[in-house]
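What follows is a short report on a single structure.
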Amino acid sequence: MDYDFKKIEAKWQSYWAAEKTYKVEEDSSKPKFYVLDMFPYPSGAGLHVGHPLGYIASDIYARYKRLKGFNVLHPMGYDAFGLPAEQYAIQTGQHPEKTTDENVARYRSQLDRLGFSFDWDRSFRTCDPDYYKWTQWAFLKMFKSWYDPEKDKARPVAELVSRFETEGYDGITPAQWKAFSDKEKDEVLMRYRIAYLGETSVNWCEGLGTVLANDEVKDGLSVRGGFPVVQKKMRQWQLRVSAYAERLLAGLDKLEWTDSLKDMQRNWIGRSEGTEMVFDTICDGRHMPVTIFTTRADTVFGVTFMVLAPESELVETLTSASMKKEVEEYLQYAAKKTERERQSETRNVTGVFTGSYGVNPLTGEQIPIWISEYVLAGYGTGAIMGVPAHDSRDYAFAKKFNLPIIPLIEGADVSESSFDAKEGRMVNSGFLNGMEVKEAIEAAKVYVEEHKLGRRKVNYRLRDAIFSRQRYWGEPFPICYKDGIATPLPESALPLTLPEIDSFKPSAGGEAPLARAKDWTYEGSPLETSTMPGFAGSSAYYLRYMDPHNSEEMVSAEADRYWRNVDLYVGGTEHAVGHLIYSRFWNKFLFDLGYVCEDEPFKKLVNQGMIQGRSNFVYRIVGTNTFVSAGLRKKYETTEIHVDVNIVHNDRLDIEAFRKWRPEFEDAEFVLENGEYICGWAIEKMSKSMYNVVNPDEICNSYGADTLRLYEMFLGPVEQSKPWDTKGIDGVHRFLKKFWRLYYNQDKLLVSDAKPSAAELKALHTLIGKEQEDIESFSYNTNISAFMIAVNELTDLGTTSREILEPLLILLSPFAPHVAEELWHDLGHSDSITGAVFPEYNPAFTVEDSVTYPVSFNGKTRFTAELPKSASPAEVEAAVRALPDTAKYVADKQIVKVIVVPGRIVNIVLK
RNA sequence: GCCCCGGUGGCGGAAUUGGUAGACGCGCUGGACUCAAAAUCCUGUGUCUGAUGAAGACGUGCCGGUUCGAGCCCGGCCCGGGGCACCA
């Protein structure tokens with residue numbers, strides 16, 4: 001019987017499905033382990049070979065943990081709301097739900113072929129009303145909560161209201177509060193709610209007809225679709241993520257994530273310690289205090305101007321009558337620019353003088369106030385002090401508009417550029433003179449506080465997340481408007497399901513498709529017409545897997561306390577500042593309210609690398625239909641053309657297949673080398689347009705899922721990006737065939753009850769030890785190498801012993817579950833190998849009694865010496881010194897010292 | 001510009017974390033079996049010198065350092081990948 005992977009894989013896949021082998025229940029007698037993949041967005045293109053890389057890695061880990069006695073939660077679902085299905089719907093008129101159903105079905109069938117141990121009974125899609133009910137529920141909780149800075153956590157808004165009523169809060173007295181109308185009260189509360197309606201400058205994308213979050217915009221273009229994005233003031237739903245900035249930052253320290261990923265999050269959060277300082281200003285004779293933020297309080301003596309952001313509210317009050325016209329012209333110019341233009345023209349310095357002046361609080365000197373787009377309204381106070389000598393942006397501005405530049409650090413040459421470094425000795429700086437910069441910063445802060453000129457302040461770059469999208473295919477907001485006041489629906493009204501509409505097109509001017517829905521009201525009040533963004537549904541999905549069928553709670557306290565949080569999370573690094581920030585925020589919010597018991601959702605995170613495509617090229621001689629082989633192409637003027645990798649084998653073109661590939665190549669002529677057409681190649685992104693897509697289904701057909709799983713892991717470290725190269729797959733396939741032959745010779749099962757030999761036990765236990773180490777550290781590639789070595793050794797030893805071959809199957813089962821399961825049953829087991837126990841490692845079998853030491857003289861190895869393993873370094877030294885070979889190499893030289901590394905090396909240092 | 005990560009044969013990648021660099025696999029060389037092919041098995045495979053031998057020298061992006069010993073540590077560069085980018 002040959003290794004018939006097709007039969008084996010089909011058989012066990014249906015067995016696992018029928019027996020629900022991977023169904024998991026809470027079981028307090030076993031330790032839990034939660035292994036999660038970032039669930040996919042089911043796109044129309046289906047899976048290519050690169051997509052399952054992370055799923056394979058996590059599946060191996062999950063299977064390994066089961067063998068180690070853990071109760072493993074390993075679920076899978078679909079992130080099914082989102083723009084592509086809706087864009088497709090707009091183009092075709094087909095309901096996004098239908099597209100989503102089809103895509104999900106395709107994904108499911110592709111995933112099923114790979115032998116994953118998912119508990120499909122826990123699966124859901126984010127667009128299922130039973131699921132998004134809980135997305136809406138969490139939103140309601142956020143709407144009804146505020147962030148209490150004293151308790152440093154989210155609390156019910158009701159508590160805030162009672163504070164306003166009884167003792168007053170944040171400058172509002174109980175008397176004032178009582179005098180407010182409902183509308184005024186509502187506006188005050190909106191300033192505190194975690195989910196709130198607020199007017200801010202948002203990323204408006206006309207091409208998609210919706211606003212976007214910061215992480216959905218890159219280089220001024222939308223990530224989905226690549227449409228230009230402009231800044232626009234709009235009243236939108238937002239989540240007060242910024243309230244959690246400090247906790248999101250601090251929480252990173254205890255997570256097992258890669259440093260680069262933590263750095264990305266730290267960067268995104270952007271904590272910066274500085275000082276807020278109040279400058280008096282004079283505009284047409286009127287005085288008014290203006291607060292600025294700086295991290296360099298020590299440089300106040302070098303302030304020669306102030307700058308406001310064009311969008312700042314201060315612009316209006318600080319523009320003098322004489323400058324009104326110029327300022328208005330500048331504001332119009334700035335407003336017209338798209339985000340992309342602003343970013344690409346960062347070196348283009350622009351600005352306008354307001355006609356008013358500020359007063360330096362330390363020197364009393366008057367300085368002009370300007371407006372420039374290099375100052376951002378959304379950060380700090382939207383106003384800065386300009387210190388051209390020690391800030392490159394201020395420097396460029398001062399040069400352009402001829403403003404004075406005063407150096408403050410001894411020896412700093414500011415004739416060509418600013419001196420930004422935080423080192424050196426202060427000069428021209430009054431009481432700071434002579435201090436080192438770091439001391440001076442601290443001294444200036446103390447001075448500012450003591451003289452009541454301002455205060456210490458920590459600022460964050462992290463902004464609140466814009467939470468509305470003017471789109472159809474997303475969660476509706478459980479909010480209606482009564483007399484213009486946003487009013488939450490009762491929880492009993494959830495889920496608020498999407499209505500049917502006749503067209504999915506967004507309307508111009510920012511009106512959402514839901515505005516066209518008939519009767520989109522709740523008890524007569526109009527419902528919110530925006531929907532939630534893509535990240536809403538993916539922010540807490542890992543919690544729902546713990547208790548997916550619960551209709552009363554998002555997750556029961558028992559299930560939450562058992563599963564707690566994700567022990568291992570596997571996914572791409574592209575979610576570093578989007579999903580992974582939102583999820584942590586969402587989780588911390590639910591933690592504050594006591595719905596979940598862990599503060600952080602993902603303990604350990606592994607970012608799988610991308611699998612790149614290996615593209616092939618043919619070279620057409622310009623102006624002809626003749627193609628020249630890669631080695632000869634330099635002799636001609638050629639055009640490089642992508643050719644489908646599926647008609648190229650080992651870089652040799654299948655000429656007949658090429659002629660049939662596309663009509664224009666039907667009469668193609670070829671210039672061959674050695675009778676073959678050799679294609680060029682390059683590593684590129686795997687994509688349809690490069691004709692380098694390899695479909696996992698085809699690999700499963702020709703090699704089987706076990707081979708595919710092994711090969712993807714064998715290719716290199718999981719975290720690393722690496723190119724796919726189908727020709728290497730034969731190696732692991734050969735390994736599996738060899739593995740099979742260890743158990744079967746023709747139809748004869750070779751397994752016996754023979755006692756294993758020492759050599760066999762050594763091969764097995766070396767592998768057991770290695771596998772434990774390698775899987776825990778995600779070194780799957782080296783583990784597969786170790787497997788190949790072990791199988792070669794056991795083949796050479798002619799092993800038939802059950803005591804070796806049975807544990808060997810368990811070791812293989814995480815990697816190649818189908819073949820392991822088949823042989824497991826052939827050995828007489830009636831239960832799945834999934835329930836087996838990982839074999840115990842016994843180091844006694846793997847140790848040698850002697851060690852071959854390389855003996856080196858001044859670092860050069862001259863000969864080897866066989867010595868007992870148990871010998872102490874002193875004994876090794878004595879033995880080596882006594883060897884005749886040693887005497888020969890030492891000759892008349894003098895031994896300076898002898899270095900012995902136990903079990904490794906002996907180095908004799910000669911003079 | 002700033003912050004990460006990386007650079008090892010023809011290719012993917014190993015190297016017990018400072019101890020015989022190149023494991024394992026691919027590819028390639030030669031061979032066995034076969035009428036032939038596929039499949040399978042065996043052999044060789046970093047570079048150079050040498051005679052296809054024995055043997056030796058060089059070799060982990062570049063230059064320098066520490067060390068008995070450096071792919072690994074330190075200093076200075078070069079190149080590639082990723083992230084951030086007027087955040088005061």
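Letters go in sequence order (proteins before strands), and every chain restarts at 1.
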Just how far, in rounded Å, is [atom2] of [N] from [atom1] of [X]?
X: A:K860; N: B:G59; atom1: NZ; atom2: C1'; answer: 12 Å
X: A:D215; N: B:G83; atom1: CG; atom2: P; answer: 13 Å
X: A:M713; N: B:G25; atom1: CE; atom2: C1'; answer: 15 Å
X: A:N607; N: B:G81; atom1: CG; atom2: C1'; answer: 15 Å
X: A:F863; N: B:G56; atom1: CZ; atom2: P; answer: 14 Å
X: A:Y395; N: B:G1; atom1: OH; atom2: P; answer: 18 Å
X: A:D394; N: B:A88; atom1: CG; atom2: C1'; answer: 7 Å
X: A:L736; N: B:U40; atom1: CG; atom2: C1'; answer: 16 Å

Query raised in the report: Atom CD of A:E771 and atom OG of A:S779: how far apart are they, to the nearest 0.5 Å?
Result: 12.0 Å

Quiz question: by atom type and distance under 3.5 Å, do the side chains of [X] and [Y] form a donor-acceptor pair?
X: A:Y374; Y: A:D394; result: yes
X: A:D215; Y: A:Y582; result: yes
X: A:E273; Y: A:T295; result: no

Taking the [atom1] atom of each, how far is [N] from [M], in whole Å?
N: B:C28; M: B:A15; atom1: C1'; value: 25 Å
N: B:A38; M: B:U49; atom1: C1'; value: 42 Å
N: B:A55; M: B:U66; atom1: P; value: 34 Å
N: B:C24; M: B:U8; atom1: C1'; value: 16 Å
N: B:A70; M: B:U17; atom1: C1'; value: 12 Å
N: B:C72; M: B:C62; atom1: P; value: 11 Å

Report task. Tell me which residues in residues 381-389 of chain A put a heavy atom below 4.0 Å from RNA chain B, sorted by number, or none. Result -> A:I384

Query - A:R584 NZ/CZ over A:W257 ring centroid, <6.0 Å and within 45° of normal - result: yes

Query raised in the report: Which parts of nucleotides 69-76 of chain B does protein reach within less than 4.0 Å, heavy atoms only, written one letter per nucleotide 5' to 3' as B for base, S for sugar-phosphate only and - for none?
Result: --------

Report task. Going 5' to 3' through nucleotides 4-17 of chain B, assign each nucleotide B (protein heavy atom under 4.0 Å from a base atom), S (under 4.0 Å only from sugar-phosphate atoms) or - (no protein heavy atom that close). Result -> S-------BSS-B-

**Report entry** For B:G7, glycosidic torsion class - syn if within 90° of 0, otherwise anti
**Finding:** anti

Query raised in the report: Does B:U29 fall in syn (glycosidic angle within 90° of 0) or anti?
Result: anti

Query raised in the report: Are A:Y330 and A:Y333 an aromatic pair by the rule of ring centers under 6.0 Å?
Result: yes

Query raised in the report: Hey, do the aromatic rings of A:Y841 and A:F845 have their centres closer than 6.0 Å?
Result: no

Which nucleotide in [options] has an atom nearest any side-chain atom of [X]:
X: A:E373; options: B:C84, B:C68, B:C86; value: B:C86
X: A:I789; options: B:A39, B:C24, B:A88; value: B:C24
X: A:D730; options: B:G27, B:U20, B:A88; value: B:G27

Query - side chain to side chain contact (heavy atoms under 4.5 Å, CB included) involving A:L797 - partner list, sequence neighbours excluded - result: A:A759, A:E760, A:L794, A:T799

Report task. Give a yes or no on whether a salt bridge exists between A:R881 and A:E877, defined as a side-chain N under 4.0 angstrom from a carboxylate O. Result -> yes

Query raised in the report: Charged N to carboxylate O under 4.0 angstrom, A:E256 versus A:K262?
Result: no

Between the protein and nucleotides 41-46 of chain B, list every N/O to N/O distance that falls short of 3.5 Å.
unit_1: B:C41; atom_1: OP1; unit_2: A:R741; atom_2: NH2; d: 3.4

Query raised in the report: Looking across every strand, which nucleic acid part, if any, lies under 4.0 Å from A:L376 by heavy atom: base, sugar-phosphate, or nothing?
Result: base

Query raised in the report: With a non-hydrogen cut-off below 4.0 angstrom, is A:V898 in contact with a base, only sugar-phosphate, or nothing?
Result: nothing

Report task. Pull out every stem in RNA chain B, meaning runs of 3 or more consecutive Watson-Crick or G-U wobble pairs with both distances under 3.5 Å. Result -> B:1-7 with B:78-84, B:10-12 with B:24-26, B:30-32 with B:40-42, B:46-49 with B:55-58, B:61-65 with B:73-77

Requested in this report: Please determine if a side-chain N or O atom of A:Y374 lies less than 4.0 Å away from the OP1 or OP2 oxygen of B:A88.
Outcome: no

Requested in this report: Look at A:T573 and B:G83 and indicate whether a side-chain polar atom (N or O) is within less than 4.0 Å of OP1 or OP2.
Outcome: no

